[in-house]
Enquirer: 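Sharing a structure, written as structure tokens. Questions coming.
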Amino acid sequence: MKTLVLIPESFPFGGVTEVSFLYPEIKYLAKYFERVIIAPKIEVCPTQYSFTYPPNVEISDLLIIRPTLITKISGLFKTLKGVFYDIAHMPLKDLRRIIAYSSYVGISRHNLDILIKTYHLDLDRTLFYTFWFDFTTAGLILGKNLNIITRTHGHDLYENIYFLSSYWRRETFKRLKGCYPVSTAGVEYLRSRYPEFKDIISLRKLGTVKPYERLNPYKKELSDPYDLTLLSIARLSPEKGVDRQLKLLIEYALHHPDLSIRYIHIGDGLLKKEIQEISSSAPDNLHIELRGAVSNGEVHELLATLHIDLLLLLSHSEGLPISLCEAISYGIPYLATDVGGISEIVPQELLPLLPDDMTYTQFSDTMERILSSGPELRPKLFKHWQENFCADTLRKEFAKEISGMFS
């Protein structure tokens with residue numbers, strides 16, 4: 001039986017953003033594999049989100065990491081070689097993270113052995129597909145010889161920005177059948193760091209779904225009291241730059257006291273308190289709504305029905321942001337930084353990008369340039385999404401490709 005073990009981070013046991021990444025792919029994976037087991041490694045909440053799955057899809061909690069002192073020590077002993085290598089080759093300030101990472105590699109492998117035995121997997125006919133290139137992918141290479149592929153995005157990709165074990169990264173590459181960054185920037189980064197593995201590193205875009213056929217309304221409702229409605233969708237974490245974004249908006253509102261501006265942010269995270277404090281200093285003409293984490297369905301409803309002038313994403317680091325692809329599927333223009341794979345989404349003749357070290361003047365001028373583009377921009381953005389980022393096309397092709405790894 002041709003079996004796929006899909007290993008996400010927390011789907012379907014909680015989390016918000018991963019739903020938009022993963023759920024559209026499951027129906028195609030189920031079409032090309034006789035059996036699909038979804039086994040996340042983190043449990044955000046103990047109950048599953050309510051989704052409809054094809055009959056050959058099973059959900060397992062056997063890979064969920066529930067660390068105890070005993071499992072941490074046991075996991076560490078299985079991975080001591082990696083610990084010693086990283087200590088010798090990485091800064092000592094990372095010692096705690098080196099130990100934690102290797103320990104989680106060992107725990108992942110222990111959990112995987114349980115899953116293999118429980119589901120009586122025929123390893124010659126089973127493909128293990130990790131959605132993130134991290135310690136779980138490394139755990140797969142310990143012990144038995146498995147068929148392994150991985151996607152990689154942003155925080156699981158750039159070793160110069162995030163902590164990723166150099167030992168386990170290289171050792172994992174030796175055993176991978178395929179590594180699939182979601183952006184050309186990601187492909188180039190990995191091929192430059194690991195040229196000996198360049199043949200298994202290939203671009204595979206995610207794309208997005210579009211539940212509503214309509215485009216975002218260009219004209220606002222007569223009852224809408226705002227001159228400008230702006231939206232952002234991002235985790236409240238340092239690399240997403242929401243704090244900088246909010247400060248620039250406050251400055252823009254102060255420079256335009258006659259404009260009534262509505263700013264909606266969707267997303268939660270570590271910087272929530274800081275963002276709330278910055279928001280409290282907004283002038284009266286800037287109305288800020290911090291909506292926290294909402295479902296992907298609610299995001300699409302908002303994109304389809306509420307007049308939105310512009311979506312903002314002023315990140316310091318990115319993979320290829322789903323939120324921007326979702327925005328253009330409804331014809332909504334965006335203002336973003338030129339980091340990661342963002343420049344690959346829409347040509348800059350249509351939507352110019354900002355440098356990461358932007359000034360207020362650059363922010364203000366570029367935003368006004370995009371806002372003055374007129375109604376003809378929106379159908380152009382939708383057409384570009386349709387031709388390049390439609391998930392139905394991209395996910396079907398990917399599922400068919402990886403199923404072909406078995407004769």
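Residues take their numbers from the sequence shown, with the count starting at 1. Predicted model, so just to flag it, every value in this text is computed and none were measured.
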Enquirer: Is the shortest side-chain heavy-atom distance between Thr305 and Arg214 below 4.5 Å?
Expert: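 They are in contact (side-chain heavy atoms under 4.5 Å apart), so the answer is yes.
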
Enquirer: Give every donor-acceptor pair under 3.5 Å between a side-chain atom in residues 343-354 and any protein atom, sequence neighbours left out.
Expert:
unit_1	atom_1	unit_2	atom_2	d
Glu344	OE1	Thr184	N	2.6
Glu344	OE1	Thr184	OG1	3.2
Glu344	OE2	Thr184	N	3.0
Glu344	OE2	Ala185	N	2.7
Gln348	OE1	Leu353	N	3.3

Enquirer: Taking the six-membered ring for Trp, are Phe21 and Phe11 ring centroids under 6.0 Å apart?
Expert: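 No, the ring of Phe21 stays outside the 6.0 Å limit from the ring of Phe11, centre to centre.
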
Enquirer: Salt bridge or not for Lys400 and Glu397, using N-O below 4.0 Å?
Expert: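 Here Lys400 does not pair with Glu397 in a salt bridge, since their nearest N and O are not under 4.0 Å apart.
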
Enquirer: Restricting to ring pair (Phe, Tyr, Trp, His ring centres under 6.0 Å), what partner residues turn up for Tyr263, sequence neighbours left out?
Expert: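 Ring pair (Phe, Tyr, Trp, His ring centres under 6.0 Å) check on Tyr263 returns nothing, list empty.
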
Enquirer: Between Lys396 and Lys31, does a side chain to side chain contact (heavy atoms under 4.5 Å, CB included) hold up when you go through it step by step?
Expert: CA-CA 9 Å; Lys396 181 179 180 180; Lys31 178 180 178 181; 3.9 Å; yes

Enquirer: Are the charged groups of Asp113 and Arg109 less than 4.0 angstrom apart, N to O?
Expert: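 Salt bridge between Asp113 and Arg109, a charged N being under 4.0 Å from a carboxylate O: yes.
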
Enquirer: Please assess Arg262 against Asp224 for the test salt bridge (charged side-chain N to carboxylate O under 4.0 Å, His left out), listing each intermediate value before the final yes or no.
Expert: CA-CA 10 Å; Arg262 182 186 191 185; Asp224 186 346; 5.5 Å; no

Enquirer: Whether the Glu239 and Tyr158 side chains hold a donor-acceptor pair (N or O, under 3.5 Å, no angle test) is what I'd like checked.
Expert: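 Result is no, nothing qualifies.
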
Enquirer: Charged N to carboxylate O under 4.0 angstrom, Asp356 versus Arg244?
Expert: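 Yes, charged N to carboxylate O under 4.0 Å.
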
Enquirer: Please list all pairs passing the side-chain hydrogen bond (donor to acceptor under 3.5 Å, both in side chains) test where one or both residues lie in residues 372-381, with sequence neighbours left out.
Expert: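 The answer is Asn216-Arg378.
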
Enquirer: I want to check something: taking the side chain as every heavy atom from C-beta on, are Leu314 and Met358 in contact at a cut-off of under 4.5 Å?
Expert: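 Sidechains of Met358 and Leu314: in contact.
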
Enquirer: For Gln362 and Thr366, work out which heavy atoms get closest and say how close.
Expert: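 In this case the closest contact between Gln362 and Thr366 is O-OG1, 2.7 Å.
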
Enquirer: Is there a side-chain contact between Leu381 and Tyr334 in this structure, where contact means two heavy atoms from C-beta onward sitting under 4.5 Å apart?
Expert: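 No, every pair of side-chain atoms sits at 4.5 Å or beyond.
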
Enquirer: Just wondering, do Thr208 and His300 contact through their side chains at under 4.5 Å, heavy atoms?
Expert: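 SC-SC contact between His300 and Thr208 ruled out.
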
Enquirer: So which heavy atom on Arg66 is nearest to which on Asp61, and how close?
Expert: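 Closest pair (atom of Arg66, atom of Asp61, distance): NH1-O, 4.0 Å.
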
Enquirer: Do Trp168 and Leu142 touch side chain to side chain, with heavy atoms closer than 4.5 Å?
Expert: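 Trp168 reaches Leu142 side chain to side chain.
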
Enquirer: Please lay out, stage by stage, how Arg191 and Glu188 fare under the test salt bridge (charged side-chain N to carboxylate O under 4.0 Å, His left out).
Expert: CA-CA 5 Å; Arg191 285 181 176 174; Glu188 292 172 351; over 6 Å; no

Enquirer: Treating Glu318 as the side-chain partner and Val339 as the backbone partner, does any N or O pair qualify as donor plus acceptor under 3.5 Å?
Expert: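 Side chain of Glu318 to backbone of Val339, a donor-acceptor pair under 3.5 Å: no, none is there.
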
Enquirer: Between the main-chain N or O of Thr361 and the side-chain N or O of Ser364, is there a donor-acceptor pair closer than 3.5 Å?
Expert: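 Judged by distance alone, no pair lies under 3.5 Å.
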
Enquirer: Between Thr150 and Thr130, is there a donor-acceptor pair closer than 3.5 Å when you use the side chain of the first and the backbone of the second?
Expert: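 Such a contact is found between Thr150 side chain and Thr130 backbone.
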
Enquirer: Donor-acceptor pair, distance only, cut-off 3.5 Å: does the side chain of Asn147 make one with the backbone of Leu123?
Expert: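 Yes, because the side chain of Asn147 sits within donor-acceptor range (under 3.5 Å) of the backbone of Leu123.
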
Enquirer: How far apart are the C-alpha atoms of Ser108 and Lys41, what are their side-chain angles, what is the distance that settles it, and do they pass the side chain to side chain contact (heavy atoms under 4.5 Å, CB included) test?
Expert: CA-CA 8 Å; Ser108 297; Lys41 57 180 177 282; 5.8 Å; no

Enquirer: Using side-chain heavy atoms (C-beta onward) and a distance below 4.5 Å, is Phe389 in contact with Leu320?
Expert: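 Side-chain contact under 4.5 Å: yes.
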
Enquirer: Are the side chain of Ser329 and the backbone N or O of Glu326 linked by a donor-acceptor pair below 3.5 Å?
Expert: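 Yes, the answer is positive, given that a donor and an acceptor are paired below the 3.5 Å cut-off.
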
Enquirer: Verify the distance criterion only: is there a donor paired with an acceptor across the side chains of Tyr28 and Asp392 at less than 3.5 Å?
Expert: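 Present: a donor and an acceptor within the cut-off.
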
Enquirer: Here's a test for you: under ring pair (Phe, Tyr, Trp, His ring centres under 6.0 Å), which of Phe398, Tyr180, Phe33 qualifies with Tyr129?
Expert: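 Between Tyr129 and the candidates, ring pair (Phe, Tyr, Trp, His ring centres under 6.0 Å) is satisfied uniquely by Phe398.
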
Enquirer: Within 45° of the axis and under 6.0 Å from the centre of the six-membered ring of Tyr194, does NZ or CZ of Arg170 qualify?
Expert: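 Output no; distance or angle outside limits.
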
Enquirer: Using the side-chain contact (heavy atoms from CB on, under 4.5 Å) rule, pick out the option among Leu246, Leu290, Leu312 that qualifies with His265.
Expert: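 That would be Leu290.
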
Enquirer: Give a yes or no answer on whether the side chain of Asp268 reaches the backbone of Gly292 with a donor-acceptor pair at less than 3.5 Å.
Expert: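 Not confirmed, Asp268 side chain does not pair with Gly292 backbone.
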
